[in-house]
Amino acid sequence: MRRVLDPVLQIVPTVLVVSLIAFLLTSLLPGDAALSRLGLDATQEQLDTMREQMGLNDPVPVRYLYWLGRAVTGDLGNSLRSGEPVAEVLARRIPVTLELAVFGTGLALLIGVPLGILAAVRRDSWIDVATNLFALSGMAIPFFWLGLLLIMFFSLHLQWLPPSGYVPFFENPVRNLHLMALPSLTIAVAFAATLMRQTRASMLEVLNADYIRTAHAKGTPPIRVILHHALRNALIPIITVLGLQMGTLLGGAIVTETVFGLPGLGRMMVDGIYKRDFPIVQGALITIVVAIVVTNLLTDLCYRFVNPRIR
Amino acid sequence: MTETMFQASVRMPVRAARTSLLSRVLASWQGRIGGGIVTFFTLMAVFAPWITPHSPTEVDFMSVMVVPTLEHPFGTDEVGRDILSRVILGARTSLLVVVAATLISSVAGAAIGLVAGWVGGWVDTLVMRVMDAMLAFPLIVLALAIIAVLGPSLTNAIIAIGIVKIPHFARLMRGEVLTLRTLDYIKAVETMGLGLPRILLRHVLPNAAGPVLVYMSIAASLALMTEASLSFLGLGIQPPTPSWGGMVSVGMQNWHFWWMSFYPGLAIFITVLAFNLLGDAIRDAMDRRLS
Amino acid sequence: MTRPLLEVRRLRKTFAPRRRGGSPVRAVTDVSFDLREGEVLGLVGESGSGKSTIGQCLVHLHRPDGGEILLDGENLATLPRGAFRRRRTAVQMIFQDPSSALNPRMSVGDALREALRLHSPHAGRDVIEERLERLLRLIGLQPEHASRYPHQLSGGQKQRIGIARAIAVEPRCLIADEAVSALDVSIQAQIITLLGDLQQSLGLTMLFISHDLGVVRYVADRVAVLYLGRLVEIGPARDIFAAPAHPYTQALLAAIPDPARPLDESAILDDPAGPDPRAAGGGCAFAPRCPHVMDLCRKDQPFLTQVAADHTCACVLRKIHPDRQGETV
């Protein structure tokens with residue numbers, strides 16, 4: 001039980017500090033929340049009343065505690081522009097980014113792990129060199145440029161896929177998958193590159209172990225040795241990388257959403273900054289970071305269960 | 001006479017270890033290619049105003065969005081400016097951001113890590129908690145949040161990118177300091193009652209600097225990428241100052257004219273790749289020297 | 001009798017457990033001894049006996065949890081920061097591992113100049129250079145060694161530099177913490193001779209910490225034996241080696257290889273795990289390994305009792321003077 005409880009309790013201070021950073025940053029945003037709610041023709045008196053009502057005159061620590069208290073009950077305030085509750089905006093935006101992240105991770109696993117195994121098994125062959133070049137390029141290519149290249153090739157040149165737009169999955173699954181294909185591939189490439197390197201490294205380590213030699217010596221078919229014995233043990237570092245890369249993935253999602261016009265969390269944050277809509281920025285920021293912290297926690301728990309040595 | 005000779009012999013420094021690191025970096029293909037491109041990029045950035053074939057800012061409505069030709073090898077943009085010239089000048093902006101931001105993060109991060117690691121106790125716990133919380137933010141997200149507060153500009157991009165990398169340097173430095181503290185030569189100067197600033201500056205810092213310097217080349221590549229992403233989102237370097245990310249963004253709005261976004265993006269890709277290769281080469285060279 | 005240079009009174013140091021939920025490690029428990037002006041006191045014990053912890057407490061690298069360390073009757077730990085820093089140089093340490101005892105990025109000359117300047121901040125440059133040269137000759141090196149870096153020196157040379165740095169601030173007392181155990185046996189002898197010479201010519205007081213009784217025999221005037229953080233025996237070196245009182249000291253002496261004596265089959269210190277600090281319950285810490293153990297030993301902690309002139313031992317077997325029980329040296 002401690003195994004589960006300890007890491008869970010450990011993220012509490014992290015989440016608190018994260019929320020404090022997010023709160024401080026966004027409460028420092030230039031612009032007057034009362035002014036943007038009432039409009040420019042508001043009188044000084046009206047503004048003062050509004051400030052008082054919104055609690056803007058309280059000292060920052062008090063405001064933080066109020067804000068935190070409301071935030072844990074799901075009340076993240078309202079958009080300064082549309083007046084819509086931030087939680088509702090989030091409810092609409094989160095599925096888009098989640099879908100992008102899930103597809104991206106899935107594609108990255110499908111590309112990265114097999115290539116990594118191949119590179120490790122055929123070490124120093126042309127396959128190893130080629131996959132290494134792929135990994136180096138994948139880690140250096142900017143998401144936005146890769147997205148554009150994919151649009152130019154698949155949408156403009158071949159005309160196979162639409163360049164941008166979004167339709168929810170449950171409205172039109174086929175159209176949704178068409179639209180999500182290129183964005184998912186865009187964020188998958190860098191991730192696949194990292195996964196490939198890690199898979200290769202941990203496979204190389206495992207393949208040299210005695211029990212693998214024993215399996216070979218027993219006459220186990222090579223493919224079974226690789227998939228059954230080696231990959232299973234190489235999986236732990238791969239899981240770790242998977243968790244650690246969640247930040248890079250979501251960071252990439254922000255830029256990718258802009259390229260493909262996807263109404264996700266990243267676009268929400270960027271638009272919020274353009275419009276100086278600080279509850280929106282705050283909501284998106286908190287959601288992204290909490291998602292990352294929780295993913296790291298899940299990775300940690302996974303790791304604890306998969307790796308018997310840590311018990 | 002004998003006095004000066006004596007001193008000359010006493011003061012002769014030994015640089016064998018350092019030159020061999022450089023030669024080891026250049027011995028690998030990663031080091032040669034990465035180092036070569038980074039040098040080329042730096043020279044291009046420094047001499048940009050003198051080597052651009054056209055004026056990077058001069059508007060020419062007679063040749064708007066021209067396909068790459070011999071006259072304009074990378075084509076022209078929506079107001080007829082030569083893209084090659086703008087890519088060359090963009091290197092200058094990128095170099096400025098990368099150097100300044102990396103300096104901010106390495107100096108501030110190293111100082112924070114040094115103090116946290118040396119002082120220990122609750123100071124260490126508190127500082128590292130904040131650093132860990134900052135690490136939970138993706139680089140671009142934290143940079144965006146800082147830009148949101150400061151407003152988009154070249155200076156603020158430098159500050160934002162500088163701040164987001166501070167925790168990485170702080171953790172690295174703290175680890176080094178914790179290791180050094182257990183070494184006898186640090187204990188020895190403590191026992192002698194040497195002043196704290198001198199202990200830190202003369203004994204701890206020089207011996208902890210190696211990994212920090214190595215990490216700078218990786219941080220540089222991330223800084224370049226973050227700057228490009230910010231500028232692409234319109235929240236980094238503001239027009240008319242040419243920046244690679246901003247140029248890709250303009251190109252995206254005119255995506256039938258592929259050259260407008262292709263060449264600036266290629267410049268980002270190649271430069272980031274070069275920094276990564278150089279970083280790998282330096283890390284390998286350091287590892288081999290340690291083993 | 002004149003006041004001892006350094007008085008250690010009921011020194012106590014406990015380290016926090018490595019892991020949460022683990023038990024704290026009692027490194028040093030109620031250790032008291034004197035370091036008399038001009039003597040060499042050997043401090044011996046196995047690894048984990050707390051001997052290095054005591055040394056580090058004496059140079060204020062560790063803060064004791066209890067007890068006092070008095071220099072000339074004065075407790076440095078209670079002095080204000082500035083005064084403490086000035087007095088601190090009175091006790092200096094020579095470290096065990098010469099390879100980590102010198103800053104790899106500083107030339108030998110610079111490391112020593114730093115120490116010399118610390119001792120006389122107002123001395124001119126030529127004075128410092130002259131002292132540097134004298135210092136190098138004193139420890140058996142040449143002036144040209146000043147420009148060398150640690151990686152260009154042998155282990156013995158590095159240890160000489162470590163000694164030079166310690167004496168550069170003109171301390172009154174040197175703590176040599178396993179100062180020769182990381183060196184080749186042939187080099188050990190040279191360094192021990194050097195330490196002996198320096199101690200004579202400079203009138204130094206020295207605490208010689210070592211696990212190796214064979215080495216201590218050559219240098220020490222008196223010997224103190226530690227077991228699991230407690231002092232079990234202290235006395236003149238000649239007495240200790242001729243007539244060890246504590247069973248543990250006897251076992252340590254029996255473990256010194258001696259060609260004139262056949263190997264002792266019943267050696268009790270061959271336990272590869274060494275002593276376990278957590279195994280000690282209420283009684284004598286040595287009881288689990290002691291060949292003469294009695295029921296009494298497991299119950300009560302034995303006191304230090306005088307067994308001969310200037311020689312005390314903490315063992316129930318030696319309680320020959322019940323009326324003087326509990327007396328410390």
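Just so we're on the same page: letters track the sequence lines, and every chain starts at 1.
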Under 4.5 Å from any heavy atom of chain C - which part of R198(B): side chain
Going from CG on N207(B) to CG on N103(C), what distance comes out if it is rounded to the nearest 0.5 angstrom? 4.5 Å
Using a 4.5 Å heavy-atom cutoff, which residues in residues 52-60 of chain C come close to chain B? Q56(C), V59(C)
Chain B heavy atoms under 4.5 Å from L102(C): which part of the residue, side chain, backbone, both or neither? backbone
Which of A115(C), G162(C), P104(C) touches chain B most, by non-hydrogen pairs under 4.5 Å: P104(C)
For R165(C), is it the side chain, the backbone, both, or neither that has a heavy atom closer than 4.5 Å to a heavy atom of chain B? both
Greatest number of heavy atom pairs closer than 4.5 Å to chain B - which of P171(C), A166(C), S100(C), P98(C): S100(C)
So does F84(C) have more than 12 non-hydrogen atoms from other groups sitting under 6.0 Å from CZ? yes
Sequence neighbours excluded, which residues qualify as ring pair (Phe, Tyr, Trp, His ring centres under 6.0 Å) partners of F275(B)? none
Crowded around R171(B) CZ? As in, over 12 foreign heavy atoms under 6.0 Å? no
Within 6.0 angstrom of W29(B) CH2, more than 12 heavy atoms from elsewhere: yes
Of the non-hydrogen atoms in T191(B) and M93(C), which two are nearest, and what is the gap between them? CG2-N, 4.4 Å
Verdict with reasoning, H203(B) to M106(C), per side chain to side chain contact (heavy atoms under 4.5 Å, CB included): CA-CA 8 Å; H203(B) 296 274; M106(C) 232 177 179; 3.4 Å; yes
For chain C, find its close neighbours in residues 174-189 of chain B: heavy-atom separation under 4.5 Å, sorted by number, or none. L183(B), D184(B), Y185(B), K187(B), A188(B), V189(B)
Portion of V91(C) that has a non-hydrogen atom of chain B nearer than 4.5 angstrom: backbone
Does F47(B) have any ring pair (Phe, Tyr, Trp, His ring centres under 6.0 Å) partners at least two apart in sequence or in another chain, and if so, which? none
Expected output: side-chain R105(C) to main-chain P206(B) donor-acceptor under 3.5 Å: yes
Using 0.5 Å steps for rounding, measure from the CE atom of M192(B) to the CD atom of E114(C). 5.0 Å
Going by heavy atoms in the side chains, are D110(C) and R202(B) under 4.5 Å from each other? yes
